[in-house]
Amino acid sequence: MLSEPRAGRLAAWGNALIAHMVSPDDAAAAVVGEDAVHRVEGLPGEDAPVGLTLALGRLRALGASGLRVALPAPGHPLGLSGPPEFNARALEAEEAVICEGAALGLVPEVYEAGPEGDVHVEVVWHCLPVREAPPADVPSLGEAERELAEALRDATEVLTRLDVAGSGPVAEAAVAAYRARAERGREVLAPGYPPRAVRVLELAQRVGMLVSLASENGHGGAVSASEMAARGDALRPVERVARRAQVAAYNSVVAERGMR
């Protein structure tokens, strides 16, 4: 399910910090969220991993003027600009942050420990060189919003035809979880983001939830292998649109700054 990626939180609150709209401590706390701790490894000038507050300040001192998100998938290097080594790490993690003006990128590695219901999560962000070039396949907010409106209609039509909406309590729980997130939607993006970015991000997550229902929660009305394959073929481009829109929303403040 397309929920809030850690790269999105880091970029959003890092951009708010760079714009002097939040303090370093507040930005770091928002990025960490419910995780136990975040550290940054490989930061220039540091021989050991450092805390997020220090890392954000150091990135700004190194020339970072904005943070962009990448959400790549196999065959779709969304938001990446190279080199291949960084792209491979980002593809494995399915997310990354690129620092505008500093030629550096950050890829998260997540460690979990503890019993179910009491999982302790630590995140190490690996800092690596990146190529300063336009990111791959990132639409404008306006383009993303138009694509999402069409994708939502397509996803709803496929779900209805395949009876995925009636796939039982698992699907109902997923819908309830989505609605709870949607009510908190305006907490996702940090200060400084335009209302349109908030709207696009919330809609992208809604579309992602619908795709997830079709992909993960039972067979619904698709009882044959050919019908299940048809479902995947129909929803794959919808999922791509949702990821593109998420990246457009998180990157909107950097994109707007570049047009001034």
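Position 1 is the first residue of the sequence; numbering continues from there.
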Identify the heavy atoms of [X] and [Y] that sit nearest to each other, and give their distance.
| X | Y | answer |
| --- | --- | --- |
| P108 | V123 | CB-CG1, 4.0 Å |
| P194 | E256 | CG-OE2, 3.8 Å |
| P72 | P77 | CB-CA, 4.1 Å |
| V254 | G66 | CG2-CA, 3.9 Å |
| P139 | A144 | CG-CB, 4.1 Å |
| G192 | M21 | CA-SD, 3.5 Å |

Problem - CA sep, side-chain torsions, deciding dist, call: R58, T53, side chain to side chain contact (heavy atoms under 4.5 Å, CB included) - result: CA-CA 9 Å; R58 178 61 57 83; T53 300; over 6 Å; no

Hey, are the side chains of [X] and [Y] touching, using non-hydrogen atoms and a 4.5 Å cut-off?
| X | Y | result |
| --- | --- | --- |
| P5 | Y250 | yes |
| V241 | L148 | yes |
| H38 | V31 | yes |
| P129 | F86 | no |
| E46 | V40 | no |
| Q246 | L71 | yes |
| V32 | L52 | yes |
| P44 | C127 | yes |

[X] side-chain N/O to [Y] backbone N/O, donor-acceptor pair under 3.5 Å:
| X | Y | value |
| --- | --- | --- |
| N15 | A11 | yes |
| E143 | S140 | yes |
| S81 | R131 | yes |

Exercise for the section: Give the intermediate values and the outcome of side chain to side chain contact (heavy atoms under 4.5 Å, CB included) for residues H76 and R244. Expected result: CA-CA 10 Å; H76 189 207; R244 275 166 46 87; 4.0 Å; yes

If hydrophobic clusters are built by linking Ile, Leu, Val, Met, Phe, Trp and Tyr wherever their side-chain heavy atoms come under 4.5 Å apart, do [X] and [Y] end up in the same one?
| X | Y | answer |
| --- | --- | --- |
| L67 | L128 | no |
| V138 | V130 | no |
| V247 | V198 | yes |
| W13 | L106 | yes |

Could you go through residues 88-105 and list every donor-acceptor pair under 3.5 Å that involves a side-chain atom there, pairing it with any protein atom two or more places apart or in another chain?
from	atom 1	to	atom 2	distance (Å)
E95	OE1	R6	N	3.1
E95	OE1	A7	N	2.6
E100	OE2	R68	NE	2.5

Rounded to the nearest 0.5 Å, how far apart are [atom1] of [X] and [atom2] of [Y]?
| X | Y | atom1 | atom2 | value |
| --- | --- | --- | --- | --- |
| L59 | I18 | CG | CD1 | 8.0 Å |
| L17 | L56 | CG | CG | 5.5 Å |
| R240 | D137 | CZ | CG | 6.5 Å |

Exercise for the section: Would you check, one step at a time, whether the test side chain to side chain contact (heavy atoms under 4.5 Å, CB included) holds for W125 with V107? Expected result: CA-CA 5 Å; W125 293 89; V107 179; 5.9 Å; no

Problem - Hydrophobic cluster of Y111, others only, ordered by chain and residue number, side-chain cut-off 4.5 Å - result: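 Joined to Y111, directly or through intermediates: V124.
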
Exercise for the section: Please name all residues satisfying side-chain contact (heavy atoms from CB on, under 4.5 Å) with E112, sequence neighbours left out, ordered by chain then number. Expected result: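 For E112 the side-chain contact (heavy atoms from CB on, under 4.5 Å) partners, ignoring immediate neighbours, are V110, V119, V121.
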
Handout entry: Ion pair E239/R243, N-O distance below 4.0 Å
Key =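 Salt bridge present between E239 and R243.
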
Problem - E122/R39 salt bridge by N-O under 4.0 Å criterion - result: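 Yes, charged N to carboxylate O under 4.0 Å.
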
